[in-house]
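First comes the structure, then the notes that go with it.
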Amino acid sequence: MLPLKFYLRPATVVARELLGKLLVHKSPEGTTAGMIVETEAYEGAVDKACHAWHNRSPRTKIIYQRGGLAYVYLIYGMYNCFNVVAGPRDTADAVLIRALEPVQGIDLMQRRRGPRVDLRNFCRGPGKLCQALGITRAQYGADLRTSPLTIEPYLRFAAADIGVSPRRNIDYAEEARDFPWRFYLQDNIFVS
DNA sequence: GTGCAGATCCGA
DNA sequence: CGGATCTGCACG
C-alpha cells in the first residue's frame, strides 16, 4: 500500500512516480495485476484538457476529492478509463493510467480481452487495461488503499529511464495540448 | 427535447 | 479510415 502522502501531490509528480508501481485488482473472478508503464497528468486548475476544468459535475466531483481515489469514466460509450485522483481535497488533479505490463492473472486477462488478443495488447491503452483488469464504473470513487483495487510498490526506475511527451488525443485543449505531461518507461514494449 | 463530441478500440 | 455506442452538456 502506498501512503496517503504519496497521492497528496500534484498530478504531474504523481504521474511520474506511478511508473513502475503495481496496479492490482482483486475481483470475484480472480486477481489481475500489471506494472504501470505509461501515465498522463491532468491538473484542472490550469488545464483545459482536464474533465474537471471549470466543471464540477456528478461525473467530475471525485476529481475534487483528496488523492488516492479512483476516477473511472466511460469514453465513446464503450470503454472505461481509469484515473488516480491526486492532490489534496479541492484540487482537480488526476492521473490517467494509459498502459500496463501484465504481471499476474494472465489467463484471466486473456479471457477478458478475447482469445485472439496477444499479450502485448492486453493492457496497451487505457480502455484495454480496464477490460483486462475488470475495472468499470463500479470502481468509481474506490479508495486505492483499502478497496480491492489497489496500487503497490514494485520496481524503481531512474529518471533516465523515463520518457516525456505531450498527451495523446487532446487536440481540442488549445495551449494545454502541448503540455509535456505524458510519462512512460522508455523501451518498454507495453507502452501504447 | 435534440444534437453533438469525446483522455478509445477494432477491423477493413 | 470509419463505425460502434452512451453520457454529459449546450442550446433553445
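Naming: A, B, ... by sequence-line order, numbering from 1 per chain. None of the values given here were measured: they were computed from a predicted structure.
Residues A:Val191 and A:Ile189 share a hydrophobic cluster, clusters being chains of Ile/Leu/Val/Met/Phe/Trp/Tyr side chains in contact below 4.5 Å. Under the 4.5 Å side-chain heavy-atom criterion for Ile, Leu, Val, Met, Phe, Trp and Tyr, A:Leu133 and A:Leu18 are members of the same hydrophobic cluster.
With hydrogens and angles ignored, the 3.5 Å screen pairs no side-chain donor or acceptor of A:Arg66 with any backbone N or O of A:Gly87. Counting only distance, with no hydrogens or angles, the side chain of A:Gln131 and the backbone of A:Lys128 share no donor-acceptor pair below 3.5 Å. Of the possible polar contacts, one joining the A:Thr60 side chain to the A:Ser57 backbone as a donor-acceptor pair under 3.5 Å is found. Side chain of A:Gln65 to backbone of A:Leu69: no donor-acceptor contact under 3.5 angstrom is found. Remark: side-chain polar atoms of A:Glu40 are paired, donor with acceptor, to backbone N or O of A:Arg168 under 3.5 angstrom.
The stretch residues 75-129 of chain A participates, sequence neighbours left out, in no ring-ring contact (aromatic ring centres under 6.0 Å, His included) pair at all. Residue pairs meeting the salt bridge (Lys or Arg N to Asp or Glu O under 4.0 Å) criterion with at least one member in residues 111-124 of chain A, sequence neighbours excluded: A:Glu29-A:Arg112.
A heavy atom lying under 4.0 Å from DNA chain B marks none of the residues of residues 182-192 of chain A. Using a 4.0 Å cut-off on heavy atoms, the residues of residues 43-56 of chain A that approach DNA chain B are A:Ala49, A:His51, listed by number. Sorted by residue number, the members of residues 57-67 of chain A with any non-hydrogen atom under 4.0 Å from DNA chain C read A:Ser57, A:Arg59. Scanning residues 102-129 of chain A for heavy-atom distances under 4.0 Å to DNA chain B yields A:Arg113, A:Gly125, A:Pro126, A:Gly127, A:Lys128. Contact check of residues 164-175 of chain A against DNA chain B (heavy atom, cut-off under 4.0 Å) returns A:Asn169, A:Ile170, A:Tyr172.
Salt bridge annotation for A:Asp47-A:Arg167: present, with a cationic side-chain nitrogen under 4.0 angstrom from a carboxylate oxygen.
The line from CG of A:Leu155 to CG of A:Leu185 is 9.0 Å long, rounded to the nearest 0.5 Å. Atom CG of residue A:Leu22 and atom CD1 of residue A:Ile36 lie 8.0 Å apart, to the nearest 0.5 angstrom.
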Exercise answer: donor-acceptor pairs, residues 97-109 of chain A side-chain atoms, under 3.5 Å, sequence neighbours excluded:
from	atom 1	to	atom 2	distance (Å)
A:Arg98	NE	A:Glu38	OE2	3.0
A:Glu101	OE1	A:Asn188	ND2	2.9

Result block: side-chain N/O donor-acceptor pairs under 3.5 angstrom for residues 4-13 of chain A, not counting sequence neighbours:
from	atom 1	to	atom 2	distance (Å)
A:Arg9	NE	A:Phe6	O	3.0
A:Arg9	NH2	A:Phe6	O	3.3
A:Arg9	NH2	A:Glu17	OE1	3.2
A:Thr12	OG1	A:Glu43	OE2	2.9

Residues A:Tyr64, A:Thr91; criterion side-chain contact (heavy atoms from CB on, under 4.5 Å); working and verdict:
CA-CA 5 Å; A:Tyr64 289 90; A:Thr91 61; over 6 Å; no

Could you give me the CA-CA distance, side-chain angles and deciding distance for A:Arg16 and A:Val164, then say whether side-chain contact (heavy atoms from CB on, under 4.5 Å) is met?
CA-CA 9 Å; A:Arg16 233 175 212 286; A:Val164 180; 3.8 Å; yes

Show, in sequence, the C-alpha distance, side-chain angles and deciding distance for A:Arg145 and A:Leu2, and conclude whether the side-chain contact (heavy atoms from CB on, under 4.5 Å) test is met.
CA-CA 7 Å; A:Arg145 296 180 317 127; A:Leu2 297 169; 5.7 Å; no

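Following rounding to the nearest Å, A:Phe82 (CZ) and B:dT8 (P) show an atom-to-atom distance of 16 Å.
For the pair A:Arg59 and A:Tyr73, the cation sits on the ring face: its NZ or CZ lies under 6.0 Å from the ring centre, inside 45° of the axis. Remark: A:Arg182 is positioned above the aromatic ring of A:Tyr184, its terminal NZ or CZ atom under 6.0 angstrom from the ring centre and at most 45 degrees off the axis.
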Polar-atom pairs under 3.5 Å, protein N or O versus N or O of nucleotides 1-5 of chain C: list them with distances, or write none.
from	atom 1	to	atom 2	distance (Å)
C:dT5	O2	A:Tyr76	O	2.3

Provide a list of protein-nucleic acid N or O atom pairs under 3.5 angstrom, restricted to nucleotides 1-3 of chain B.
none

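Among the duplex regions that DNA chain B forms, those built from at least three successive Watson-Crick or G-U pairs under 3.5 Å are B:1-6 with C:6-11, B:8-11 with C:1-4, ordered by first number.
The six-membered or imidazole ring of A:His51 lies away from that of A:Tyr42, with a centre-to-centre distance of 6.0 Å or more.
Of all the heavy atoms in A:Ala70 and A:Leu149, the pair that sits closest is CB-CD2, 4.4 Å.
A:Val95 pairs with exactly one of A:Val85, A:Asn83, A:Thr39 by the side chain to side chain contact (heavy atoms under 4.5 Å, CB included) rule, that one being A:Thr39.
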